[in-house]
J.: 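This is the structure, below, for whatever I ask next.
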Amino acid sequence: MSLDNKESAAPAPSDFIRDIVAAHVAENKYPRIHTRFPPEPNGYLHIGHAKSICLNFGIAREFGGICNLRMDDTNPTKEDIEYVESIQADVNWLISAWADDKLGLKPKGQTPKAISEDGKRDFYLPAVTDASARSGLEPFYASDYFDQIYDYAEQLIEKGKAFVCDLTPEQTDEYRRNALESPFRNRTPEENLDLFQRMKAGEFPDGTRTLRARIDVASPNIWMRDPLIYRIRHAEHHHTGNKWCIYPMYDFAHCLSDYLEGITHSICTLEFEVHRPLYDWILESLELPRPLPRQYEFARLALGYTVMSKRKLMQLVNENLVTGWDDPRMPTISGIRRRGVTPQSLRNFAYNIGITKYNGLTDVAVLEYAIRDDLNKRAQRRLAVLRPIKVTISNYPEGKVEELDAVNNPEDESAGKRKIPFSRELFIERDDFAEVPPPKFFRLKPGGEVRLKYAYIIKCEETVKDADGHITELRCTADLDSKTGGATAARKVKGTIHWVSAAHAVDAEVRLYDRLFTVPDPGAEEDFKSTLNPHSLEIVTAKCEPSLKDAKPEERYQFERMAYFALDLDSRPGKLVLNRTITLKDTWAKEAQKW
RNA sequence: UGCCCGAUGGUGUAACGGUAGCACAAGUGACUCUGAAUCACUUUGUCUAGGUUCAAAUCCUAGUCGGGCAGCCA
């Protein structure tokens, strides 16, 4: 219950975009603030998208607005329904219980309605935010506006602001580079209209003609040099099927999609900055009656020890370097989710890194901190031994079993207690014993004492070795009065370690994930794949306390002194599979490295 | 090369002409039946050079460095 307090109690974030929005609210510039999150369904969403989602939905949340989810699907050759579905799932997961009431959708199948103001032709598609009617709703699709966008293109032609160009792709490129006017630039509106309609009718093959905006071929900004706004693509579209063989370019479709949905603040990343004059030119040239959306740009997220480009992520998937888009090592939202990270910690992370126009490289430690901070408050504590070594308590009766009390979450008293069985034969962590202990080693060593969490203080009397000299077992004695609550329980022993009763332990496949790459900026490498971390996944069979048999998918666990874990979707009754979300901070590892 | 954008501790950010602050990281200590968490303390910064001003991280000029764009991708 208190988990969300931090989020709601935190001061509202402040950044240059929110400052602008706040000013617009103060001057009543718009009836309502309306943002949008417009992914292209050509890949899975990653943590960089999460930053954008948190920004756009955050603004809607803070300023009483709406944020539309829109598929920016104007290129049928790269997009797929699989991505549409994953995007919806990821967005819903990330905003759940936070901004799901701000999510703008539309009734299934609905397209913009023609409206008329002052006799001007206009279209509008309002958003619905009713979460209870979610089943009858769907995201917005730019492809749902193809009719309207086509109409706008004809209007541009009629105004003499667009023309059909017959130049080849290579010629177009050359003309634009050299600031030359297309020889087809001065065709009449009638001829352009005729040719454009015949493009639509499918009379011409791919690449033979385009529709171009008629702006200024000498502009210093390449995107104003008569940019293409429609191209021919005889291809089936995942949402519109075979209805179209011409498709609008991003620049033409995006600003108009924003307009049709009544978007007020169109927030995108820095690389679109140079497109903004074109965004404005299109909307202004059409002389649209309603308030125009404006574009604002911020720096995309770059995160240490990972790659973020869809192309590179796609490569990892296609070349089987990971198990899929949702591999827990991937920076995708689905991978992060599978790893066990909560949406809350992702949101906290997004809040912590801020919004600027500076292209930096964010330290993964910031993400890791957000994850630990959230899981520390949330996770049920459990005892589990990842790399077991056997311990026999020689002065503890054979066959005796005690049920000891264990605290479920010291950060949250309401999480209660549970019982864990103790017996003569146990497992402890191999790393918790050292035959030749380094300095400041507070754990078990020959002749040394250590506290077993919730149980007794034990002393190592003898090590048992196999023929190769490897330690196979530790013979210990327990101070039988030192049990929690006992006569000598208050004795100060420097170390406390976790353990599991051998006879009661349940096995679990535990997947120990580490960062995918070995360098802070793999994307800057000649070959990013050469920097993959060969130890990014280690699988062990852990010995777990019996209560873990009932582990639940939605629950988070901390194996005390080790790490946070979550059930993997491969887990089945009788076959536990757990993912290590993130290790606990390990100060000892740093100390031990000095030796 | 042209155009656009940016630059504050190790990293990410705040300060909107008036005491350079926060978070992470790092370090020291306290506490500890998790070497976690928590608590206290500490180290480290305004790209450079001019100018405006009583006063500049902030405004102006030039430079340096970094990023982006120059797909019939988005």
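Letters A, B, ... mirror the listed sequences (proteins, then strands); counts begin at 1. Keep in mind the model is a prediction, meaning the values are calculated, not measured.
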J.: Among residues two or more places apart or on two chains, list those pairs meeting side-chain hydrogen bond (donor to acceptor under 3.5 Å, both in side chains) that have a residue in residues 218-228 of chain A.
T.: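 Of all non-adjacent pairs touching residues 218-228 of chain A, those that pass side-chain hydrogen bond (donor to acceptor under 3.5 Å, both in side chains) are A:Arg185-A:Asp226, A:Trp223-A:His275.
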J.: Check the side chains of A:His498 and A:Arg381 for a donor-acceptor pair under 3.5 angstrom, ignoring hydrogens and angles.
T.: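 Absent: no donor and acceptor within the cut-off.
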J.: Please list, chain by chain and in numerical order, all residues satisfying side chain to side chain donor-acceptor pair (under 3.5 Å) with A:Thr77, sequence neighbours excluded.
T.: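 Checked A:Thr77 against side chain to side chain donor-acceptor pair (under 3.5 Å); matches are A:Asn75.
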J.: Going by atom types alone, do A:Asn68 and A:Glu261 pair a side-chain donor with an acceptor below 3.5 Å?
T.: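 On atom types as modelled, these side chains qualify, holding a pair under 3.5 Å.
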J.: Taking any atom under 4.0 angstrom from a heavy atom of chain A, which nucleotides of RNA chain B are the first and last to qualify, 5' to 3'?
T.: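 Both ends considered, the range comes out as B:C3 to B:A74.
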J.: Within residues 220-236 of chain A, find the residues that approach RNA chain B with a heavy atom at under 4.0 Å, and present them sorted by residue number.
T.: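 Heavy-atom contacts with RNA chain B come from A:Pro220, A:Ile222, A:Trp223, A:Leu228, A:Arg231, A:Arg233.
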J.: Go through the structure and list residues passing side chain to side chain donor-acceptor pair (under 3.5 Å) with A:Asp90, not counting sequence neighbours.
T.: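 Counting only residues at least two positions away or on another chain, A:Asp90 forms a side chain to side chain donor-acceptor pair (under 3.5 Å) with A:Arg337.
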J.: Grab the two heavy atoms, one from A:Ile336 and one from A:Pro331, that are nearest each other, plus how far apart they are.
T.: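 The answer is CD1-O, 3.5 Å.
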J.: Name every residue in residues 170-183 of chain A that has at least one heavy atom under 4.0 Å from any atom of RNA chain B, in order of residue number, or write none if there are no such residues.
T.: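 Under 4.0 Å from RNA chain B: A:Asp173, A:Arg176, A:Arg177.
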J.: Name all residues meeting the side chain to side chain donor-acceptor pair (under 3.5 Å) criterion together with A:Thr488; count only those two or more places apart in sequence or in a different chain, and write none if there are none.
T.: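 For A:Thr488 the side chain to side chain donor-acceptor pair (under 3.5 Å) partners, ignoring immediate neighbours, are A:Asp479.
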J.: With A:Lys459, which residues qualify under side-chain contact (heavy atoms from CB on, under 4.5 Å), at least two apart?
T.: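 Expected list: A:Glu449, A:Glu461, A:Thr477.
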J.: Taking only residues two or more places apart in sequence or in another chain, which ones pass side chain to side chain donor-acceptor pair (under 3.5 Å) with A:Lys200?
T.: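 With neighbours one apart ignored, the set is empty.
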J.: May I ask you to check whether A:Arg36 and A:Ser266 show a side-chain donor-acceptor distance below 3.5 Å?
T.: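 Side-chain D/A pair, A:Arg36 to A:Ser266: present.
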J.: Under the side-chain contact (heavy atoms from CB on, under 4.5 Å) rule, collect the residues that match up with A:Cys476, sequence neighbours excluded.
T.: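 A:Cys476: side-chain contact (heavy atoms from CB on, under 4.5 Å) contacts with A:Val391, A:Ile393, A:Leu444, A:Ile458, A:Cys460, A:Leu474.
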J.: Dot-bracket, RNA chain B: Watson-Crick or G-U, under 3.5 angstrom, [ ] crossing, | other strand?
T.: (((((((..((((....[..)))).(((((.......)))))....(((((..]....))))))))))))....
J.: List for me each residue that meets side-chain contact (heavy atoms from CB on, under 4.5 Å) alongside A:Val25, sequence neighbours excluded, and say none if there are none.
T.: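 Expected list: A:Val21, A:Ile33, A:Phe63.
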J.: Using a 90° cut-off around 0 for syn, call B:G51 syn or anti.
T.: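 Anti for B:G51; the angle lies over 90° from 0.
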